[in-house]
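First the structure, in the form of structure tokens, and then the observations on it.
When a ligand or atom number is given, it counts from 1 through the structure's own listing order. When reading the values below, keep in mind they use all heavy atoms of this one structure, side chains included, and skip hydrogens, waters and symmetry mates. Please read all numbers here as calculations on a predicted model, not as lab measurements.
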Amino acid sequence: MTAGIDDIAIYIPRLYIDAIDFAKARGLDPVKLQKGLGVSQMAIVDANQDPACLAANACLKIMQRNKLSPEDIGRLYVSTESAFDESKAMNSYVIGMLEQVYGQGAFEHCGGIETKFACVSGSYALYDNTNWIRAGEADDKAALVVVSDIAKYDMGSSGEMTQGAGAVVMLLNDKPRLLEFDPKVTATSIIDEYDFYRPFGKETPIVHGQYSNLLYLIQVRKALDAYKKKVVSTGLIKIEPGETILDHMDYINMHLPYSNMGKKALAYMVRHEWRQLPRWKRILQEIGMDEPVPKDPRGTIESVLGDAEFMAKDHEFTKLFSKTQEFQEVYESKLASSLIASTMIGNLYTASLYLGFRSSLEFEYQKGIDLEGKRVGFGSYGSGASAMVFSGVIQPEYKQVVKDMNLEVEIGERKRLTWDEYENLHENKLSIDESMVHTKKEFVLIDVKTETESRGERRYVFNE
Ligand code: CAA
């Protein structure tokens, strides 16, 4: 049985901090954010929003757009790393909100859980729900997989320039109009690491920035190697001599903690794949330097990062490689469109990969390219750490969905925050009833109880 993504909807908070204002306040060159990281605006949640209401708003959109009733939905999963309860799953809050619109008990038949593994958990949720459909257990019902996060870092930390917030929901079924997942090739890697984590009770993560960048690259490469073995052994793809697996992916979507990380990851994977090919000799000649090797090629991530000479040379090599015509072609044709939304919205943790996929569909379609039958590869990464590589094929009916995609319209009108407003929101100085904007037809948080017996209970309303 086939399964995949039928439709995709996003919900982005109505507030943002602009990279220019951020850089000015932090004494940084705005070009570092805009060009160095690929961050132009970062979405910020209002005082009356949490990741559950972002998720519920995205779900309502996709249900209304597809005229779905709760009876059409068999599973609702929420993947997040912004959880606010150690036990009660975020999807239960989402169900509660949706039932304010669809009636109490309307989703009673539905199942689902909250999944956690930093930014990769949404990919595991997609995989599990795809397999639920493939196994014939869905009873003609669809699954909703929502990825929802608030990427918030400590004031003044290096991560603060890579914040963002939002939710992406994907409707999965057995006749997907957008993308059918390739069966039996999903590949994973996993390792116990502390590159980025958020201990109990702490609102912001502890981050080892450059360490996390390198670990991301290594783990995704490992998952890609495992994916390659699977596509060959299942016969899904035949890799001819002189080719690489990446030649068989028409589009590549990467996890995007900031948009330029996608380009970095692509360059790393392409280097890894092309190194073995005859074309590599020509590329090295064009670059004009040999590919640098660390002093201890079998060393740890710390030893590689501590090898200043190697890091400087590798940085130079990557820059030159990224400018080669061969790489530019791959970048422009397979990845660039997926990065556009990220520059406008920022990091969405679990949702960033899927915002990228959504972005790629819209902007590739706008180029007039026929997307039917194109294979899309996904490189998902979650700190702590696990990576997942998988793929799917764009379906003949994709135009029915993609023709109406308009990111700016879907984001809606936004308010550019002043620095003081941003600081107040970041430091949680506003109470829930002091929200900056008053939205209509959206779920918002109205109360978080503080009394001993009901501490942590949350109340939401749908603003008519
Ligand atoms: N003009 C133009 N470019 C500039 C510049 C300027 N004035 N100053 C710096 N740059 C460029 C740098 O050259 C660099 O680009 P390249 O890597 O292509 O050379 C880029 O801007 C960033 O500069 P730095 O590497 O010096 O930036 P930093 O060390 O201060 O911070 C960061 C970068 C480590 C990613 C930091 O933002 C951070 O810690 N972020 C949070 C962690 C993170 O996102 N990790 C990613 C992997 S883990 C993950 O993916 C999970 C997740 O979602 C968090």
P257, G209, C119: member with heavy atom nearest to atom 34 (C) of ligand 1: G209

Contact with ligand 1 for E160, non-hydrogen, under 4.0 angstrom: no

Atom 25 (O) of ligand 1 - nearest protein heavy atom and its distance: Q210 NE2, 3.0 Å

Protein heavy-atom partner closest to atom 28 (P) of ligand 1 - residue, atom, separation in Å: K32 NZ, 3.7 Å

For L37, atoms of ligand 1 separated by under 4.0 Å from a heavy atom: 22 (C)

Y216: numbered ligand 1 atoms lying under 4.0 Å from its heavy atoms: 50 (O)

Per-atom contacts, ligand 1 versus N347 - under 4.0 Å to a heavy atom: 53 (O)

Check: Y349 ring centre within less than 6.0 Å of F196 ring centre: yes

Ring geometry between Y381 and Y216 (parallel below 30°, tilted from 30 to 60°, perpendicular above 60°): tilted

Protein heavy atom under 4.0 Å of atom 12 (C) of ligand 1: no

Protein heavy atom at shortest distance from atom 43 (C) of ligand 1: S212 OG, 3.8 Å

Taking every non-hydrogen atom, the tightest pair across A9 and R65: CB-NH2, 3.7 Å

Any N or O of S383 closer than 3.5 Å to N or O of ligand 1: no

Residue and atom name of the nearest protein heavy atom (relative to atom 7 (N) of ligand 1), distance in Å to one decimal: D29 OD2, 2.9 Å

Ligand 1 to Y258 polar contact by distance, N or O atoms, under 3.5 Å: no

Nearest heavy-atom neighbours spanning G166 and P13: CA-CD, 4.0 Å

Heavy atom of H255, distance to ligand 1 below 4.0 Å: yes

Flag, side chain of T80 to backbone of S148, donor-acceptor distance under 3.5 Å: yes

Donor-acceptor pair, side chain of N57 and main chain of C53, under 3.5 angstrom: yes

Worked check of salt bridge (charged side-chain N to carboxylate O under 4.0 Å, His left out) between R177 and D6: CA-CA 5 Å; R177 287 172 297 169; D6 185 75; 2.8 Å; yes

Distance flag for atom 32 (C) of ligand 1, protein heavy atom under 4.0 Å: no

Whether Y197 and H208 hold their rings parallel, tilted or perpendicular, with breakpoints at 30° and 60°: tilted

Which residue and heavy atom of the protein sit nearest atom 39 (O) of ligand 1, plus the separation: S158 OG, 3.1 Å

Numbering as shown, the atoms of ligand 1 that approach N213 to under 4.0 Å (heavy-atom distance): 35 (C), 45 (N), 46 (C), 47 (C)

H315 to ligand 1, any heavy atom closer than 4.0 Å: yes

Close-contact set for ligand 1 against Y349 heavy atoms, below 4.0 Å: 53 (O)

Within-shell test, K264 vs ligand 1, heavy atom, strictly < 4.0 Å: yes

Protein residue, atom and distance nearest to atom 18 (O) of ligand 1, heavy-atom basis: K319 NZ, 2.9 Å

Per-atom contacts of ligand 1 with V31, taking only distances under 4.0 Å to non-hydrogen atoms: 1 (N), 2 (C)

Shortest protein contact, atom 54 (C) of ligand 1 (heavy atom only): Y153 OH, 3.2 Å

Pair D225-K228, salt bridge (charged side-chain N to carboxylate O under 4.0 Å, His left out): steps then yes or no: CA-CA 5 Å; D225 286 342; K228 222 168 14 178; 3.5 Å; yes

Ligand 1 N/O within reach of Y381 N/O, cut-off under 3.5 Å: no

Greater than 12 external heavy atoms within 6.0 Å of K35's NZ: no

Atoms of ligand 1, numbered as shown, that sit under 4.0 Å from any heavy atom of T162: 37 (O), 40 (N), 41 (C)

Pi-cation contact, Y331 with K263 (under 6.0 Å, within 45°): yes

F327 and F321 aromatic ring geometry - parallel, tilted or perpendicular at 30°/60° bounds: tilted

Protein heavy-atom partner closest to atom 42 (C) of ligand 1 - residue, atom, separation in Å: V207 CG1, 3.5 Å

Spacing of CD1 belonging to I73 relative to CG belonging to L172, to within rounding of 0.5 Å: 9.5 Å

CA sep, side-chain torsions, deciding dist, call: D18, K24, salt bridge (charged side-chain N to carboxylate O under 4.0 Å, His left out): CA-CA 10 Å; D18 196 274; K24 195 171 162 208; over 6 Å; no

Whether S342 side chain and L339 backbone form a donor-acceptor pair below 3.5 Å: no

Atoms of ligand 1 close to G36 [distance to a heavy atom under 4.0 angstrom, numbered from 1]: 3 (N), 11 (C), 15 (O), 20 (C), 21 (O)

